[in-house]
Each structure stands twice: as C-alpha cells, then as structure tokens.
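Letters A, B, ... mirror the listed sequences (proteins, then strands); counts begin at 1.
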Protein chains: 4
Amino acid sequence: MDQPDIGPSQGGRGEEQETRERILAAASQLMAKKGYKGATTRKISQLAGVNEVTIFRHFKNKEAILEELLKGIVDIRQQLENDLHGDFSELKQMLLRYARGYYQMLVERKEILMICMIEADNHPEVIKLFSSLPMTAVEVLSNKLQEFQDQGHLPKGDACAAALMFVSTFFYSFMAKYRVNLSLNFQEEQLFEDATNILMNGITGNTHSHR
Amino acid sequence: MDQPDIGPSQGGRGEEQETRERILAAASQLMAKKGYKGATTRKISQLAGVNEVTIFRHFKNKEAILEELLKGIVDIRQQLENDLHGDFSELKQMLLRYARGYYQMLVERKEILMICMIEADNHPEVIKLFSSLPMTAVEVLSNKLQEFQDQGHLPKGDACAAALMFVSTFFYSFMAKYRVNLSLNFQEEQLFEDATNILMNGITGNTHSHR
Amino acid sequence: MDQPDIGPSQGGRGEEQETRERILAAASQLMAKKGYKGATTRKISQLAGVNEVTIFRHFKNKEAILEELLKGIVDIRQQLENDLHGDFSELKQMLLRYARGYYQMLVERKEILMICMIEADNHPEVIKLFSSLPMTAVEVLSNKLQEFQDQGHLPKGDACAAALMFVSTFFYSFMAKYRVNLSLNFQEEQLFEDATNILMNGITGNTHSHR
Amino acid sequence: MDQPDIGPSQGGRGEEQETRERILAAASQLMAKKGYKGATTRKISQLAGVNEVTIFRHFKNKEAILEELLKGIVDIRQQLENDLHGDFSELKQMLLRYARGYYQMLVERKEILMICMIEADNHPEVIKLFSSLPMTAVEVLSNKLQEFQDQGHLPKGDACAAALMFVSTFFYSFMAKYRVNLSLNFQEEQLFEDATNILMNGITGNTHSHR
DNA sequence: AATGAATGAGAATTCATTCAT
DNA sequence: TATGAATGAATTCTCATTCAT
C-alpha cells in the first residue's frame with residue numbers, strides 16, 4: 001500500500017526466473033531504505049508483486065536474501081587499476097577517469113552499499129564486504145601515487161592522505177546524494193574536475209613540510 | 001547478558017533524572033549499533049539497568065526516545081566559524097584547527113550521527129538534522145575560502161569543491177573508524193596535517209585551468 | 001537429506017501402482033516415527049523419491065494416505081484362532097504357537113500400530129482399528145482357556161486375566177523394542193517359552209483362592 | 001472453542017504463580033491427546049485461559065514447556081522397592097502392593113507418559129525418561145524374585161520373564177484404558193488379584209523345565 | 001502422468017505498550 | 001515511583017494444496 005509493484009508481471013507468461021529477480025530488487029530497494037528489519041517479508045513481497053510465501057520458495061530465509069545481495073559486491077580492484085593505467089604525463093586524465101569510474105561504481109551499487117552501511121553492526125559478514133570498496137579505492141590510488149613518487153615524478157609525501165582525500169570526496173558526495181537526498185549544488189562532472197585539479201596542485205606543489 | 005549496566009545508580013537520592021539519562025545513553029548506544037528497530041526496549045532497559053516499563057514512565061514511547069536523542073544535534077555553525085577566525089596569513093593554522101574541531105565534533109556525536117545515518121529514510125525528521133553537521137561544515141569553510149578569494153589571497157576557483165574535499169576527508173575517516181571499525185593506518189593528527197598541507201597546496205597553486 | 005529413497009523405480013514401465021506403494025511406504029515409515037503431523041508431505045515425497053505434488057495425484061489429501069494405511073489392519077481373529085487349534089494335551093504347544101503368531105503379527109504391522117498408538121486421539125477412526133489387534137488377541141485366548149475350564153481341564157478361574165497377562169507380555173516387549181528401541185535383554189524365542197511356562201504353571205496350579 | 005478453560009481464574013486475585021501451572025496443565029493435557037505439534041500454543045493458551053503470548057513470558061519457548069513436563073517423571077525405583085519390602089512369606093501381599101503401587105504410579109503420570117509414548121522418536125530426551133518407568137518396574141521386581149530364588153524360596157527360573165509378565169499386564173491395562181479408552185471389562189482391583197495369583201502359581205509351581 | 005511455481009491458513013515467537021499493584 | 005504480568009499487532013516461516021504446463 002506504500003509502493004506499487006516493482007516490475008511489470010502484467011500477465012503470466014515468461015516470468016519464470018524473473019520472480020527471483022523481482023524479489024531481490026524489492027528487497028534491495030527496501031533494505032537500502034528501511035534496513036534489514038524494516039524490510040519485512042510482507043513489504044518485500046508486496047513491492048515485488050508476489051505472495052509472501054513465494055519468497056521462501058526462492059530463498060531459504062530472509063537472511064539468504066541479504067547474502068545473495070551481498071554477492072553483488074565483487075572485488076573492484078582490477079577495474080579501478082585499469083582506470084589508472086598510464087604514465088605520469090597522463091596523471092590528470094587518469095585521476096579524472098578514476099574519479100568517474102569510482103563514483104559510477106558507487107552509484108551502480110548504491111543500494112547494497114546503503115544496506116552495508118546500515119547493517120554494518122548487525123551482520124558480521126557485511127563489514128568486510130562493505131570496507132572493500134572504499135578501502136580498495138584508497139589503496140589502489142595510493143599505490144599509484146607512491147609509484148610516481150618513487151619514480152621522482154612527485155615529491156615524496158603523503159600519497160595515502162592524498163588518495164584518501166580524493167576518494168573521500170566522491171564517497172561523501174555519493175552519500176549525501178543517495179543517503180541524505182541532499183543536493184550538494186554540485187554537478188558530479190564539475191566536482192570530478194575540481195577535485196582533480198585541487199589534488200594535482202596539492203601533490204605536485206612544493207611547499208611540503210613535515211616528515 | 002551481552003553488556004553490563006551502563007552505570008549503576010549506586011545511591012538512592014535524586015536518581016530520577018539519572019534514570020532518564022541512563023535510558024537515553026543506553027538507547028543511543030544501541031541504536032547507533034543496531035538501528036532503531038534493533039534497539040528493542042528490552043535491550044535498552046537491560047543496558048540501562050532499569051525495568052522495561054520504567055522506560056515508558058520517562059518517555060511516552062520509543063519514538064520519543066529517538067526524538068530526545070535528536071535534540072542532541074545542535075547547530076554547530078558558530079563553533080565551526082570560531083575555528084576559522086583569522087586572516088589569510090593564518091590559513092594553515094585555521095585549517096588545522098578546523099579539521100581538529102570538526103573531527104572532534106563528529107566523534108563527540110558519533111552515536112547520534114550513526115543513528116541518523118542508519119535511520120535517515122525511516123524517520124523524516126532525522127534527515128535535516130543529519131545533514132546539518134556535514135553540510136554546515138562544508139558551507140562554513142567554503143565561505144571562508146571564498147572570502148579569501150574575493151580578497152585576492154587565493155586564486156579564483158573552486159572554494160566549494162576544496163571545502164568539500166577537506167571536510168569529506170575527515171568525515172570519511174570518522175565513518176571508517178566508528179562505523180566500519182576500520183583502522184585506516186592513520187593517526188588522526190597526522191591526517192589533519194597531511195590533508196591541510198595538500199589542501200593548502202591545492203588551492204594556492206597556480207596551475208588552475210577549469211572554467 | 002536424512003534418508004535416501006525408499007526404493008528406486010528402476011525401470012519405466014508399470015510404475016503407476018509402484019509409485020503409490022512407495023508413497024504409502026514412505027508415509028507409513030515417517031508417520032510411525034514422527035506422527036501424522038511430523039510426516040510432512042515434503043518428507044514423504046523425498047523419502048518416496050517422488051515430487052511432492054505427485055502425492056496428490058495418488059491421494060486426495062494427506063488424510064487419505066492415513067486412511068489407506070489403516071486399511072492394512074485387517075481382522076486377525078481367524079489367524080489367531082488357527083494357532084489355538086487342538087485339545088488340552090497340546091495346550092503348551094498351542095500357547096507357544098500363539099505367542100509366536102501374535103508377536104509376529106505385531107511386528108509385521110509395527111508401523112501402522114505405532115501410527116495408531118500415536119494418533120489414537122487425533123483420528124477417531126484409528127481407535128477401533130487400533131484396539132482390534134490386542135483386544136482380539138486377549139479374547140481369542142481367553143475363550144480357548146474358558147473352553148478348557150468348562151471342560152474341566154483347567155481349574156475355574158481367571159481365564160481372562162490369564163489371557164491378558166500372556167498377551168500383554170508380548171505386546172509390551174514389542175512396544176519396548178520397536179517404540180522405545182529398548183533392548184529388554186530378551187531373546188524373543190526365550191521369552192515365548194518362559195512366558196508359556198509361567199502361564200501354564202499359573203493356570204494349572206492348585207492353590208487358587210480368590211473369589 | 002473446543003474445550004473450556006482448564007482452571008478457574010474467575011477474578012483476578014492470587015493467581016500469580018497459578019498461571020504457570022495452568023499453562024503446564026493445559027499443555028500436558030493437550031500434548032497427551034494431540035502430541036507435541038498438535039498442542040499448538042494457541043490451543044494451550046485457550047485451554048489455560050490466558051493470552052497466547054503469556055506462555056512465552058513463563059517459558060522460553062514451546063520446547064521448554066515439554067522439558068518442564070518431563071521433569072515430572074522422577075525416579076521411582078525407591079518407591080517401588082518399598083512396596084516389595086518383606087520376606088518370602090509375604091510374597092503375595094508384596095505382589096499385590098506392587099501391582100497397586102505401579103498402576104497408581106502410571107495413572108498419576110498418565111499424561112506425561114502418553115506424551116512420551118507419542119513423542120518418543122521426536123524428542124530424544126524423552127526416550128530415556130520414558131523407558132525409566134516400565135523398565136525400572138521390571139528390574140525391581142525381577143531382582144526381588146531373584147533374591148528369593150537365591151534363598152531357595154522359589155525354584156530357579158525365569159525371574160525376569162515373570163517380572164515382565166506381571167508388569168506388562170498392568171502397563172497394558174493402563175494403556176488400554178487411558179490411551180485407547182477401552183474398557184477391558186476389568187476392575188483394576190480384580191485384575192491385581194488375579195494376576196498376582198497367576199504369577200504366584202506360575203513361579204512357585206514345580207513343572208519348570210529348561211534352564 | 002508428473003512437475004515447478006504459487007499460495008492461504010496457520011505456526012511459533014518478538015515487541016512495544018498497558019494494567020494493576 | 002517502579003515493577004511484574006499481560007496482551008494485540010506484527011514477523012518470519014511451514015505446510016498442505018492448487019494451478020498451469
């Protein structure tokens with residue numbers, strides 16, 4: 001009664017495996033909004049447009065739905081590293097690609113990420129999956145910057161902090177937009193460029209001190 | 001069974017208000033970990049060391065506990081602005097102060113922030129409160145940077161993006177530490193300095209281009 | 001998962017009736033162990049190695065399976081009486097035959113008997129069927145003993161009590177072995193002989209008193 | 001709607017611990033008739049005249065009710081042995097006492113015994129408790145008879161079989177009456193005396209053979 | 001004739017909340 | 001003021017059974 005069906009079953013033909021997908025989509029959507037407990041099987045079934053019991057024909061129990069959704073987070077290291085391919089002369093383009101790629105990845109997984117964020121303390125298996133995306137992103141970028149530092153292209157310094165700043169920016173924007181529904185008065189593309197410029201300046205500058 | 005009392009009342013006089021505080025503290029702690037629904041009145045009462053019904057002598061219902069907790073988020077604009085007091089020559093010190101002050105504020109409010117994060121979609125009144133802290137922080141810093149740009153101290157540009165990057169960094173670290181229990185291999189103080197340096201370089205550099 | 005198929009159909013022709021038997025066998029086995037409710041159609045189908053729905057092609061509903069099983073209890077009076085054929089000089093041999101025959105009959109019907117025992121109060125039609133075996137056994141023996149008493153071969157007395165004792169002994173042993181899985185430290189054959197001896201002594205003795 | 005309340009709550013005073021007892025009584029009664037699964041918490045609560053949820057304030061879960069009921073079966077060896085106190089001259093009186101005592105014990109525990117009988121295969125802890133009563137009864141009597149045999153009062157022989165016959169008789173009668181609601185055309189007292197006489201004759205007779 | 005998908009009725013259990021003391 | 005007992009509403013899940021293929 002809150003929301004209409006999630007998908008068009010509209011008939012009775014050819015929705016064989018579709019039911020399972022509808023359930024997953026409904027659960028994902030609801031859990032991302034209401035949390036695991038808030039996404040009751042009744043609400044899931046209503047949103048999916050199926051009978052409540054049908055859920056249990058497709059999944060052993062409610063927890064199994066979550067586990068299935070969690071499989072949607074796969075390791076993204078390789079993909080991120082691809083965006084950083086190139087030598088120092090291309091750093092700026094690489095950073096831009098990286099920003100876009102990372103942000104897009106967050107958006108594509110926004111529901112499962114929200115679920116992880118919400119359920120971090122309730123479902124132990126969630127934590128490691130949850131940390132993988134943001135932390136991997138910091139690591140991959142940090143490693144690349146470190147490499148350039150080692151090659152003398154960048155002044156020695158805080159590659160890790162720089163990577164963290166860069167990644168944080170997009171994660172934060174993502175959270176603001178999709179969790180808090182907050183318009184940051186930012187066009188994403190604009191943010192990618194601005195942040196890239198600031199970071200480029202920040203790490204190629206010459207006024208570093210400490211350590 | 002899981003956790004001991006949050007603090008025994010160990011006396012006998014004037015516990016009226018103390019009981020209320022114990023309930024609030026227990027609820028805050030549990031909701032921050034388990035969410036609103038996960039923090040059952042039974043668990044709250046056990047952690048608070050009071051009878052379950054006692055909760056309802058102090059609060060109309062469970063929702064009222066949350067509302068009370070939300071009052072704990074007050075506007076922090078004034079305090080943040082104080083940390084940015086000074087002229088351009090002190091910018092670096094200002095940024096460091098700002099970073100420390102902002103991060104400390106997050107930590108001091110970590111439970112209620114987690115609750116807001118978790119319940120953003122369930123309790124409408126949460127959203128505006130929740131957005132206040134991070135967004136205010138961006139705004140305040142952005143305004144100050146803009147001011148310096150207007151005064152010619154900083155090249156025209158992306159004050160808002162810069163502020164966002166700076167603030168994001170600490171919010172992200174805060175989330176990683178307190179939500180995901182992820183050690184970022186960062187000492188906070190080190191991060192404050194590194195991020196400040198990078199930002200200083202980033203915004204005072206001379207290679208800006210973008211529109 | 002618990003038990004393998006009750007028997008593969010290993011062929012392809014004429015399994016129609018066989019499927020039905022497999023279902024009956026599985027249901028009998030499960031109901032004897034777990035009771036009517038504990039024998040779910042799913043478990044029955046798994047043990048029978050058929051699809052759950054197939055059950056309902058062969059039986060109107062689950063209750064009909066039980067009814068079919070109950071038909072397996074037929075009157076045994078004739079058979080029991082056959083074991084008691086003979087004159088008084090053969091009493092001991094007759095008793096031995098009777099014991100063996102009765103016990104064997106119990107064992108052959110152990111599953112349906114257990115079902116009756118378990119479901120006595122749930123399925124009204126069960127009770128009369130259930131009582132038929134043990135009570136008939138007492139009656140038939142009692143009649144025979146009475147006959148001998150009337151002929152003067154046995155002292156007047158408690159033919160019915162004697163028959164009850166005799167029959168009880170084997171029913172009790174049967175229950176202990178097949179319901180409680182209790183080894184009574186008895187070989188059945190030994191028990192048949194011992195009980196026969198005791199009964200023979202008991203009813204041919206000369207020290208009777210009671211009214 | 002099937003049965004009225006089990007006990008007179010009729011007011012609201014002084015039924016503090018009584019509620020628990022009412023639930024236990026209702027559960028015992030229903031489980032003895034319908035089995036564990038057949039005794040739904042709803043039916044129990046209705047028969048007990050309490051709200052369904054109240055059951056779970058008094059018992060962790062349904063299984064805990066059964067466990068509590070099972071505690072009602074305590075070791076009866078001592079009591080049975082008391083009934084067999086005396087020397088050989090009193091054997092007949094002892095047997096009578098024993099029959100009465102054993103039968104009374106069965107009747108007093110009739111509900112829990114029926115539950116055990118029904119659930120023997122479903123609840124593993126039931127089996128050992130269940131076997132204790134009947135087997136102990138056989139053992140105790142068998143030991144006493146053996147003792148008399150060793151003292152030369154009784155001919156060497158099948159004390160165990162004799163004990164089994166005796167005990168079986170009453171257990172069988174008990175089952176017939178309380179499980180199958182079958183009138184055996186027996187007054188219990190008459191059966192005690194008849195069975196005692198037959199056993200006395202049976203074991204003191206002189207026509208034993210084998211071993 | 002057999003099966004995979006779907007479902008209504010009902011099961012045990014949890015939870016926030018009220019009542020009486 | 002605080003508490004133990006009680007409860008209605010809702011939740012996850014099971015089961016027998018039907019439908020369409």
Side-chain angles (χ1 to χ4, degrees), chain A residues 9 12-20 23 36-45 49-65, chain B residues 9 12 15-16 19-20 36-45 50-65, chain C residues 9 12 15-16 19-20 36-45 50-65, chain D residues 9 12-20 23 36-45 49-65:
Chain A
S9 98
R13 36 116 198 75
E15 29 172 324
E16 313 187 359
Q17 192 60 6
E18 192 192 301
T19 299
R20 181 186 167 88
I23 293 169
Y36 181 80
K37 294 198 178 179
T40 67
T41 53
R42 181 194 297 250
K43 284 182 191 158
I44 293 172
S45 69
V50 302
N51 183 280
E52 194 173 357
V53 186
T54 299
I55 292 176
F56 296 97
R57 298 245 337 153
H58 289 271
F59 301 92
K60 181 172 172 291
N61 51 28
K62 192 179 161 187
E63 185 73 21
I65 303 180
Chain B
S9 72
E15 331 177 5
E16 301 138 25
T19 298
R20 181 186 168 87
Y36 180 80
K37 294 201 176 180
T40 66
T41 53
R42 183 198 292 251
K43 283 182 192 159
I44 293 172
S45 70
V50 304
N51 183 281
E52 198 172 355
V53 187
T54 302
I55 292 175
F56 297 93
R57 312 258 327 159
H58 288 272
F59 301 93
K60 177 171 173 292
N61 52 28
K62 194 179 161 186
E63 186 72 21
I65 302 179
Chain C
S9 70
E15 328 177 5
E16 301 137 25
T19 298
R20 181 185 168 86
Y36 181 79
K37 295 203 174 177
T40 65
T41 52
R42 180 197 295 249
K43 283 182 192 159
I44 292 172
S45 70
V50 303
N51 183 281
E52 198 174 355
V53 187
T54 301
I55 292 175
F56 295 95
R57 310 259 326 160
H58 287 271
F59 301 93
K60 178 171 172 290
N61 52 27
K62 193 179 161 186
E63 186 72 21
I65 302 179
Chain D
S9 96
R13 37 116 194 75
E15 27 171 326
E16 312 184 359
Q17 192 60 9
E18 194 192 300
T19 299
R20 180 186 168 87
I23 293 169
Y36 181 80
K37 294 200 178 177
T40 66
T41 53
R42 181 193 297 249
K43 283 182 192 156
I44 293 172
S45 70
V50 302
N51 183 281
E52 196 173 357
V53 185
T54 300
I55 292 175
F56 296 94
R57 299 244 337 151
H58 289 270
F59 301 93
K60 180 173 172 293
N61 51 29
K62 193 179 163 186
E63 185 73 20
I65 302 180

Could you state the atom-to-atom distance from CZ of C:R20 to C1' of E:dA1 in whole Å? 15 Å

Look only at the side chain of B:K62 and the backbone of B:A39, and say whether a donor-acceptor pair between them is shorter than 3.5 Å. yes

Counting only side-chain nitrogens and oxygens, does A:H58 get under 4.0 Å of the OP1 or OP2 atom of E:dG4? no

OP1, OP2 of E:dA1 versus side-chain N and O of C:T19: anything below 4.0 Å? no

Taking all heavy atoms of D:T41 and all of D:I55, pick out the closest pair and write down the distance. O-CD1, 3.4 Å

Respond yes when some side-chain nitrogen or oxygen of A:T54 is under 4.0 Å from OP1 or OP2 of E:dA5, and no when none is. no

Tell me: CD1 of A:I55 to C1' of E:dG8, nearest whole Å? 15 Å

To the nearest 0.5 Å, what is the distance between CZ (A:F56) and CG (A:N51)? 10.5 Å

C:K37 vs D:Y36 side-chain heavy atoms within contact, under 4.5 Å: no

Let me know the distance between CG of A:N51 and C1' of F:dT14, rounded to the nearest Å. 13 Å

CD1 of A:I23 to CD1 of A:I44: how many Å apart, nearest 0.5 Å? 9.0 Å

Just how far is it from atom CD1 of D:I65 to atom CZ of D:R20, taken to the nearest 0.5 Å? 9.5 Å

How would DNA chain F look in dot-bracket form, 5' to 3', counting Watson-Crick and G-U wobble pairs with both distances under 3.5 Å and writing | for bases paired to another strand? .||||||||||||||||||||

Which whole-number value in Å describes the distance from D:I23 CD1 to F:dA5 P? 11 Å

Partner residues of A:R42 under the side-chain contact (heavy atoms from CB on, under 4.5 Å) criterion, sequence neighbours left out: A:T40, A:Q46, A:E52

Generate the contact string for nucleotides 14-19 of chain E. Rules: B means base contact, S means sugar-phosphate contact only, - means no protein heavy atom under 4.0 Å. BBBBBB

